[in-house]
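Just so you know, these numbers use all the heavy atoms, side chains as well, and skip hydrogens, waters and symmetry mates.
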Amino acid sequence: MGTTITGGGPWNWKQLLVNAIDSNSKLKHSSFLQFATIGLNGRPSNRTVVFRGFEDQTDNIKINTDTRTPKVDELKHNPFAEICWYFTDSWEQFRINGRVHVIDGTNPDPLKLQQREKSWFASSLKSRLQYMGPTPGIPNLSEQPTQDLSLDPSTGPVTAFCLLVLDPDQVDYLNLKTNKRLAFSTGVSANGDKCWTVEEVNP
């Protein structure tokens with residue numbers, strides 16, 4: 001039987017993840033994770049992305065991306081994805097599965113557009129400039145060197161900038177140092193709120 005959890009502590013996967021992020025923070029690659037979607041051809045599609053924090057007051061995970069990349073169309077076709085995140089110093093792995101909300105400039109919800117803008121300004125200027133470059137993944141037919149791009153730091157999100165928000169419903173946690181594995185899944189509490197249950201399983 002699983003254990004229902006509602007707060008913090010050792011059985012809370014978000015707290016485990018926050019602890020892993022903190023303990024591995026001296027490693028530059030600790031914010032990089034694998035993000036897998038289902039391609040339009042039905043095959044797995046995987047890439048490395050950067051963790052951009054949690055959505056305020058939730059366990060939802062934020063990722064920035066370019067609307068011109070295949071993953072955006074893939075998520076509009078099938079909104080489910082899985083993160084695989086391994087921390088090399090603490091030997092911990094998190095597999096986080098859930099539905100992804102795509103927030104681009106056409107989103108009709110003003111609050112979501114505010115989220116997108118906040119994530120844009122939280123990014124470095126160098127990161128923002130990448131969204132002004134050529135379309136990713138298409139053949140480079142130009143023999144001319146890439147022109148230097150410039151952007152006013154006060155300029156809001158450009159059209160290509162997109163915020164992805166993953167709403168987790170399953171988390172698989174593995175600690176190779178302690179040989180412990182926990183399986184977290186979501187349910188609905190008696191009052192209709194989202195709640196998590198956890199079960200210790202064999203590694």
Taking side chain as C-beta onward, heavy atoms only, is Phe121 less than 4.5 Å from Thr155?
no
For the backbone of Leu113 and the side chain of Asn107, can you confirm whether one donor and one acceptor N or O come within less than 3.5 Å of each other?
no
According to a 4.5 Å side-chain heavy-atom criterion applied to Ile, Leu, Val, Met, Phe, Trp and Tyr, with indirect links allowed, do Val171 and Phe87 form part of one hydrophobic cluster?
yes
Can you check salt bridge (Lys or Arg N to Asp or Glu O under 4.0 Å) on Arg181 and Asp172, steps first, answer last?
CA-CA 7 Å; Arg181 184 177 177 187; Asp172 186 299; 2.6 Å; yes
In terms of heavy-atom contacts, Leu129 and Leu149 come closest through O-CD1, 3.6 Å
Atom pair CG (Asn97) and CD1 (Ile83), whose distance is rounded to the nearest 0.5 Å
9.5 Å
Atom CG of Asn202: over 12 foreign heavy atoms under 6.0 Å
no
Closest approach of Ala81 and Val100, non-hydrogen atoms and distance?
CB-CG2, 3.7 Å
Would you indicate whether the side-chain heavy atoms of Leu75 and Leu164 approach each other to under 4.5 Å?
yes
For Thr65 and Tyr131, which heavy atoms make the closest approach, and how far apart are they?
O-CE2, 3.1 Å
Should Lys177 and Asp89 count as an ion pair when the cut-off is N to O under 4.0 Å?
no
Between Phe94 and Tyr173, what is the ring plane arrangement, given parallel below 30°, perpendicular above 60°, and tilted in between?
tilted
Would a 4.5 Å heavy-atom cut-off, applied to side chains only, mark Leu166 and Asn60 as touching?
no
Taking the ring centre of each residue, are Trp91 and Tyr86 less than 6.0 Å apart?
no
On a heavy-atom basis, which atom in Arg128 and which in Pro153 lie closest, and how many Å separate them?
NH1-O, 3.0 Å
Would you call Asn179 and Asn175 a side-chain contact if the rule is heavy atoms closer than 4.5 Å?
no
Report yes if some heavy atom in the side chain of Leu33 is under 4.5 Å from a heavy atom in the side chain of Val49; otherwise report no.
yes
Between Arg116 and Asp104, does at least one N-O distance fall below 4.0 Å, as a salt bridge requires?
no
Looking at His101, Glu55, Lys62, which one forms a side chain to side chain donor-acceptor pair (under 3.5 Å) with Gln115?
Glu55
Indicate whether the side chain of Ser119 and that of Asn64 have a donor and an acceptor atom separated by less than 3.5 Å.
yes
Quick one: do Lys112 and Leu163 satisfy side-chain contact (heavy atoms from CB on, under 4.5 Å)? Show the steps, please.
CA-CA 9 Å; Lys112 292 187 181 300; Leu163 173 64; over 6 Å; no
Below 30° counts as parallel, above 60° as perpendicular, anything between as tilted: where do the rings of Trp85 and Phe51 land?
tilted
Which is it for Ile61 and Ile96 under the side-chain contact (heavy atoms from CB on, under 4.5 Å) test, yes or no, and what are the steps along the way?
CA-CA 10 Å; Ile61 292 172; Ile96 305 171; 3.7 Å; yes
OG-CD distance between Ser123 and Gln130, expressed to the nearest 0.5 angstrom:
9.5 Å
Minimum heavy-atom separation for Arg52 to Ser127, with atom names?
NH2-OG, 3.7 Å
Please name the pair of heavy atoms, one in Ser25 and one in Ser30, separated by the smallest distance, quoted to 0.1 Å.
CA-OG, 4.0 Å
The reported gap from CD in Glu199 to CZ in Phe184 (rounded to nearest 0.5 angstrom) is 11.5 Å
Over 12 foreign heavy atoms within 6.0 Å of NE2, His77
no
Same cluster for Trp196 and Val188 if Ile/Leu/Val/Met/Phe/Trp/Tyr side chains link at under 4.5 Å?
no
Does Phe54 have Lys14 sitting over its ring (NZ/CZ under 6.0 Å from centre, angle to axis within 45°)?
yes
Working note: Val50 + Phe32, criterion side-chain contact (heavy atoms from CB on, under 4.5 Å); need CA distance, chi angles, decisive distance, verdict.
CA-CA 5 Å; Val50 180; Phe32 300 157; 3.8 Å; yes
Under 4.5 Å between side-chain heavy atoms, hopping through other hydrophobics if needed: is there a path connecting Ile138 to Val72?
no
Do the side-chain N and O atoms of Asn191 and Asp193 include a donor-acceptor pair separated by under 3.5 angstrom?
yes
Return yes if a side-chain donor-acceptor contact under 3.5 Å exists between Thr48 and Gln34, otherwise no.
yes
How about Val102 and Cys162: do any of their side-chain heavy atoms sit closer than 4.5 Å?
yes
Ile21 CD1 to Leu27 CG distance, which is reported to the nearest 0.5 Å
12.5 Å
Yes or no on side-chain contact (heavy atoms from CB on, under 4.5 Å) for Lys71 and Ser45, after CA distance, side-chain angles and deciding distance?
CA-CA 8 Å; Lys71 71 173 88 56; Ser45 182; over 6 Å; no
State, yes or no, whether a side-chain contact exists between Pro203 and Lys180 at a heavy-atom distance under 4.5 Å.
no
Would you compute the distance between atom CD1 of Ile103 and atom CG of Asp109 and round it to the nearest 0.5 angstrom?
8.0 Å
Closer than 4.0 angstrom, basic N to acidic O: yes or no for Lys118 and Asp56?
yes
Looking at Lys194 and Asp59, is any side-chain nitrogen of the basic one under 4.0 Å from a carboxylate oxygen of the acidic one?
yes
If the threshold is 4.0 Å, N to carboxylate O, is there a salt bridge linking Glu82 and Arg95?
yes
Check for a donor-acceptor pair, side chain of Asn19 on one end and backbone N or O of Gln15 on the other, with a separation under 3.5 Å.
yes
Do NZ/NE/NH1/NH2 and the carboxylate oxygens of Glu74 and Arg47 come within less than 4.0 Å?
yes
If we count only N and O atoms by modelled type, under 3.5 Å, do the side chains of Ser185 and Asp169 hold a donor and an acceptor together?
no
Close side-chain approach of Pro44 and Ile38, heavy atoms under 4.5 Å:
no
